[in-house]
Asker: 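Questions regarding the structure given below will be posed in turn.
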Amino acid sequence: MKKIKLFAVLSLAFLLLLGNLAKADEGMWIPMLIGKNYDQMKKQGFKLTPEDLYSINKASLKDAIVSFGGFCTGEIVSKNGLIFTNHHCGYDAITSKSTPQDNILDNGFYAKNYGEEKPIPGLFVNFLVKMEDVTQKVMDATKGLSDKEKAAKIMEVGKSLAAEATKGTNYEAFVRDFYKGNQYFLYIFEKFNDIRLVGTPPQSIGKFGGDTDNWEWPRHTGDFSVFRVYADKDNKPAAYAVDNKPYTPKKYLPISIKGIENGDFAMVYGFPGRTDRFLTSHGVKLATEYVSPEIVKLRDIRLKAWKEEMDKDVAFRLKISSQYARIANYWKYFIGQTEQLKRLKIYDKKQQEEANFTTWAANTPEYASLMQKYSDIYKAYEAYAVHRTFINEGFMASEWVKIGMQLAPIVNALERAKNNPEALKSIKDRVEETVTAYEAVYNESADKKIFAQILNAFYTDVPKNQHPQFITLIVEKYWDGSPEATFKKFANEVWEKSLIVKPESLRAFLNNPDLKALEKDPGYQYAKNLIPSEYIKTNFGSIITEFEESKAKLDHLYIQALLKKNEGKLMFPDANSTMRISYGNVQNYSPKDGILYQTTTSIDGMMQKYVPGDDEFDLPQNLIDAYNAKNFGRYGKNGSLTVGFISNNDITGGNSGSPVINGKGELIGLAFDGNWEAMSGDIAFDKNYKRTINVDVRFVLWCIDVLGGAKNIIDELDIRTK
């Protein structure tokens, strides 16, 4: 990832000496090194040993934690490979198995036996086997190389170390950098590809509150789903087969239904995605003033167009629901992050930190001018930030554009393989898979509207001196009195005349491809202009490359300097999708003067929010009936049922579905969200406001048991009451 030059090849173990740079509730800590935090964890209520958390010599909690699909976390909760994760993590799988005739997304589903469990093609889970510090090996291999040579060499060394570590096994491995390329770890995984859907609540429970409650506390969302890992007869990874058996794990989590109280120890164990806690003030300004507002605007275009069509057609709603949820989630995230970065005055705080750093670094030539160099590169790049945002968030928002960019190579491959039936069939199968996936989310009215409105936004928001030639030519040819009318006119012609925009036309074209016809196609001509080799002719590409390369060098030096400056103190690295532990406590908070948010929410609050027939706040009848009858079984307390709770754990995207574990190593909940007042968390952690929102495991079990009638699932679990 980043280029490296380690200051005296200090080991991470030496850097993580006792001390406390961060509060105990802040930090996503490396499991292998969690012993450095052990005394603090014990003070907060942890009852186990560091080896109970991470060990390669015996079963430990790490063996019960999985990377779920590479985008979420899950936990093993039975000796038969049962997985708990979030509903939103399983959303793709759930929608893929939903039809208007068998609508498990809306109605819910619980398999009553193994035979009813639903295979999910493409879904996988990874178990961490072990990790190893390979910093010295990387440093030795890259010593004396230039920056460009180092980047290539690091990739080469990473592949070599991974191959060596997995030789003769069914494992997979990769090397990941930490501290912006100042540290390197090798991760070895075991990957399982036969994953089956076991259960899901109706989305009126799993997604209760919708976009309105997203990122908010108090919360009443039953955000969970249930899957199972399958293996071959030897308990090894295998492709899906009817005779595969439920996987027998090394470790699974017992479940506590004793309940939680304010101040109880809480630990989140999972795979957080990305944080950028060492981002400079210049990066904060870029995000809040340029990038995030544009992302919000572009996503809003998509969401509004989709919602209009979703309300008309249940089949389209089922097809697009997962994609809509993903886009909506971070649409609101960027709104909240911008608001909280400004409210907490993070830019000003970063400026002060950087001034202090510059004073400290004044007598060290290598670091003395770092902040000025940051200022210079951001000043040169700032004017292009909005333009860059349009590449992925704008131009690539239309699925057919991404396909169109690949069509020439596809047509050439089909031509080359025409005398090789086996190769031709393989290519055609992949092509059909791509077209089918596009067809599944296609909606002509919404897609045409999105395409035209995003082009209009680009024309309006990006400085004219940055417009690529193809945009100028579109405007000249189709001008119709205003940019909005012009791009609407262009969109109508593309949809009318292109062979590649409509799925049925695209399929017909690929069944009888013609490169000459493709070159004349208006849709392809548009998509072709977005291919990097074409788009880079605008000089835009070199500007981005120069900024990224310069920033990477400065980031590496800045973190290197901070490690020196804070030597002897605990300093956790940014999240990078590797396994981490975050520990803290169940803890209430006050969002503003005169208000105190309690640690738990109950089904009473859920019923208070209930709005019959509403998209976001409806509830299934059996939940209402059980509530009225106070039928909470062993999961309720004092005539009610806890739905969610908050803790002060440090999490981010990727932690969704992570187990929340008490001091005895028992599952008490599933992490699924952060709170509005601390949306700055990926860039700046705030100890006063940062909270993790969790669904209480008692509510999960109640939904499975009382509402779902899935006693077979409950019987698998190790449920503890004390």
Asker: I'd like to know if the side chain of Ser375 and the backbone of Met371 have a donor-acceptor N/O pair within less than 3.5 Å.
Answerer: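 Between the backbone of Met371 and the side chain of Ser375 there is no qualifying donor-acceptor contact (under 3.5 Å).
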Asker: Arg388 side chain to Phe540 main-chain N or O, any donor-acceptor pair under 3.5 Å?
Answerer: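 Checked: no pair found.
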Asker: Is the shortest distance from a Lys or Arg side-chain nitrogen in Lys449 or Glu308 to a carboxylate oxygen in the other one below 4.0 Å?
Answerer: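 Between Glu308 and Lys449 there is a salt bridge, with a charged N closer than 4.0 Å to a carboxylate O.
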Asker: Under 3.5 Å, side chain of Glu26 to main-chain N/O of Asp650, donor-acceptor pair present?
Answerer: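 Checking the backbone N and O of Asp650 against the side chain of Glu26, no donor-acceptor pair under 3.5 Å is found.
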Asker: Distance only, no hydrogens: is a donor on one side chain within 3.5 Å (strictly under) of an acceptor on the other, for Asn356 and Thr359?
Answerer: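 No donor-acceptor contact under 3.5 Å links the two side chains.
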Asker: Over all heavy atoms of both residues, which pair between Val175 and Gly158 is shortest? Give the atoms and the distance, please.
Answerer: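 Minimum heavy-atom separation between Val175 and Gly158: CG2-CA, 3.7 Å.
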Asker: Donor-acceptor pair, Trp215 side chain versus Ala678 backbone, under 3.5 Å?
Answerer: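 Absent.
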Asker: Distance only, no hydrogens: is a donor on one side chain within 3.5 Å (strictly under) of an acceptor on the other, for Glu149 and Ser146?
Answerer: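 Yes, a side-chain donor-acceptor pair sits under 3.5 Å.
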Asker: Would you call the rings of Tyr597 and Tyr589 parallel, tilted or perpendicular, taking 30° and 60° as the class edges?
Answerer: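 Answer is perpendicular, since the angle exceeds 60°.
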Asker: Please name the residue in the list Asp276, Asp682, Thr692 that meets the side-chain hydrogen bond (donor to acceptor under 3.5 Å, both in side chains) test with Thr652.
Answerer: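 Exactly one candidate clears the test, Asp682.
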Asker: Between the side chain of Gln466 and the main-chain N/O of Ala383, is any donor-acceptor distance below 3.5 Å?
Answerer: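 Checked: pair present.
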Asker: Can you say whether the rings of Tyr187 and Phe185 are parallel (under 30°), tilted (30 to 60°) or perpendicular (over 60°)?
Answerer: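 Correct class here is tilted.
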Asker: Strictly distance-based, threshold 3.5 Å: is any side-chain N or O of Asp223 a donor or acceptor partner for the main-chain N or O of Phe672?
Answerer: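 Side chain of Asp223 to backbone of Phe672: no pair is present.
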Asker: Give a yes-or-no answer on whether the side chains of Trp306 and Gln323 include a donor-acceptor pair shorter than 3.5 Å.
Answerer: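 Trp306 vs Gln323: no donor-acceptor pair found between side chains.
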Asker: Compare every heavy atom of Cys89 with every heavy atom of Gly657, then report the nearest pair and how far apart it is.
Answerer: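 Of all heavy-atom pairs spanning Gly657 and Cys89, the closest is N-SG, 4.4 Å.
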Asker: Less than 4.5 Å apart, any side-chain heavy atom of Ile30 and any of Met131?
Answerer: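 Ile30 vs Met131: side chains touch.
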Asker: Between Phe395 and Phe458, how do the two ring planes meet: parallel, tilted or perpendicular, split at 30° and 60°?
Answerer: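 Plane angle between 30° and 60°, so tilted.
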Asker: Might you work through the ring-ring contact (aromatic ring centres under 6.0 Å, His included) test for Tyr378 and Phe547, ending with a clear yes or no?
Answerer: CA-CA 8 Å; Tyr378 272 96; Phe547 173 73; 5.2 Å; yes
Asker: Examine distances only and state if a side-chain atom of Asp447 and a backbone atom of Tyr442 form a donor-acceptor pair shorter than 3.5 Å.
Answerer: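 Side chain of Asp447 to backbone of Tyr442: no pair is present.
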Asker: Could you tell me whether Lys464 sits above the aromatic face of Tyr459, with NZ or CZ closer than 6.0 angstrom to the six-membered ring centre and within 45 degrees of the axis?
Answerer: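 Ring-cation test returns yes.
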Asker: Under a 4.0 Å N-O cut-off, is there an ion pair linking Glu399 with Lys402?
Answerer: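 So Glu399 pairs with Lys402 through a salt bridge.
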Asker: Just do the salt bridge (Lys or Arg N to Asp or Glu O under 4.0 Å) check on Asp92 and Arg326 with the steps written out, would you?
Answerer: CA-CA 10 Å; Asp92 271 340; Arg326 283 198 303 272; 3.2 Å; yes
Asker: For Lys349, is the NZ atom crowded, meaning more than 12 foreign heavy atoms sit under 6.0 Å from it?
Answerer: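 Count over threshold, so yes.
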Asker: Please determine whether the number of non-hydrogen atoms from other residues, nucleotides or ligands lying under 6.0 Å from atom NZ of Lys592 exceeds 12.
Answerer: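 Atom NZ in Lys592 is not packed in, count stays at 12 or less.
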Asker: Applying salt bridge (Lys or Arg N to Asp or Glu O under 4.0 Å), run through Lys553 and Asp147 and close with a yes or a no.
Answerer: CA-CA 9 Å; Lys553 290 179 185 178; Asp147 289 332; 3.3 Å; yes
Asker: Would you mind reporting whether Val462 and Phe390 have side-chain heavy atoms less than 4.5 Å apart?
Answerer: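 Touching, per the 4.5 Å side-chain cut-off.
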Asker: What do the steps show when you test Gln352 against Asp348 for side-chain hydrogen bond (donor to acceptor under 3.5 Å, both in side chains), and what is the final call?
Answerer: CA-CA 6 Å; Gln352 184 58 54; Asp348 295 335; over 6 Å; no
Asker: With no hydrogens and no angle check, is any side-chain donor or acceptor of Asp521 less than 3.5 Å from a backbone partner on Tyr524?
Answerer: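 At least one qualifying donor-acceptor pair exists.
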Asker: Is the shortest side-chain N to carboxylate O distance from Lys551 to Asp555 below 4.0 Å?
Answerer: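 Result for this pair is yes, salt bridge flagged.
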Asker: Can any side-chain N or O of Thr486 pair as donor or acceptor with the backbone N or O of Asp480 at less than 3.5 Å?
Answerer: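 Indeed, once roles are kept as given, a pair shorter than 3.5 Å links the two residues.
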Asker: Please report the shortest heavy-atom distance between Pro272 and Gly270, naming the atom on each side.
Answerer: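 Residues Pro272 and Gly270, closest heavy atoms: CD-O, 3.3 Å.
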Asker: Taking atom CD of Glu444 as the centre, does the number of heavy atoms from other residues, nucleotides or ligands within less than 6.0 Å exceed 12?
Answerer: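 Yes, because the 6.0 Å sphere around CD of Glu444 holds more than 12 heavy atoms from other groups.
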Asker: Flag this pair as yes if the NZ/CZ of Lys564 is under 6.0 angstrom from the six-membered ring centre of Trp360 and inside a 45 degree cone about the axis; otherwise no.
Answerer: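 Output no; distance or angle outside limits.
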Asker: Any donor-acceptor pair under 3.5 Å linking the side-chain atoms of Gln560 with those of Tyr179?
Answerer: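 No pair is found: no donor N or O on one side chain lies under 3.5 Å from an acceptor on the other.
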Asker: So do Ser281 and Glu354 actually touch side chain to side chain, heavy atoms under 4.5 Å?
Answerer: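 With C-beta onward as the side chain, the pair touches.
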Asker: Taking it one step at a time, do Ser647 and Asn649 satisfy side-chain hydrogen bond (donor to acceptor under 3.5 Å, both in side chains)?
Answerer: CA-CA 6 Å; Ser647 56; Asn649 298 104; 2.6 Å; yes
Asker: Heavy atoms only: give me the nearest Met405-Ala527 pair and the separation to one decimal.
Answerer: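 What the structure gives for the nearest pair is CG-O, 3.4 Å.
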Asker: Does Asp673 pair with Arg219 as a salt bridge, N-O distance under 4.0 Å?
Answerer: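 A salt bridge links Asp673 with Arg219.
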Asker: Does Arg343 count as lying over the ring of Tyr689, i.e. NZ or CZ under 6.0 Å from the six-ring centre, within 45 degrees of the axis?
Answerer: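 Yes; both conditions hold, so Arg343 lies above the ring face of Tyr689.
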Asker: Hey, are Glu616 and Lys207 close enough for a salt bridge, meaning a charged N less than 4.0 Å from a carboxylate O?
Answerer: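 No, no charged N to carboxylate O under 4.0 Å.
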Asker: Show every salt bridge (charged side-chain N to carboxylate O under 4.0 Å, His left out) that has at least one partner inside residues 279-301, sequence neighbours left out.
Answerer: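 Those involving residues 279-301 are Lys285-Glu382, Lys297-Asp461, Arg299-Glu393, Asp300-Lys304.
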Asker: Kindly assign one of parallel, tilted or perpendicular to the pair Phe451 and Tyr526, based on the angle between their ring planes and the thresholds 30° and 60°.
Answerer: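 Geometry flag for Tyr526 against Phe451: perpendicular rings.
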Asker: Can a side-chain donor-acceptor contact be found between His88 and Ser656 if the only test is distance below 3.5 angstrom?
Answerer: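 Per modelled atom types, Ser656 and His88 side chains form a pair under 3.5 Å.
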Asker: Keeping Asp213 on the side-chain end and Glu216 on the backbone end, is there a donor-acceptor pair under 3.5 Å?
Answerer: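 Side chain of Asp213 to backbone of Glu216: no pair is present.
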Asker: Just checking His556 against Phe278, ring centres under 6.0 Å apart?
Answerer: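 No.
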Asker: Strictly by modelled atom types, are Thr73 and Asn655 linked by a side-chain donor-acceptor pair under 3.5 Å?
Answerer: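 Result is no, nothing qualifies.
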Asker: Just by distance, no angles: are the side chains of Thr578 and Asn576 close enough, under 3.5 Å, to form a donor-acceptor pair?
Answerer: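 A pair is found: one side chain offers a donor N or O, the other an acceptor, under 3.5 Å apart.
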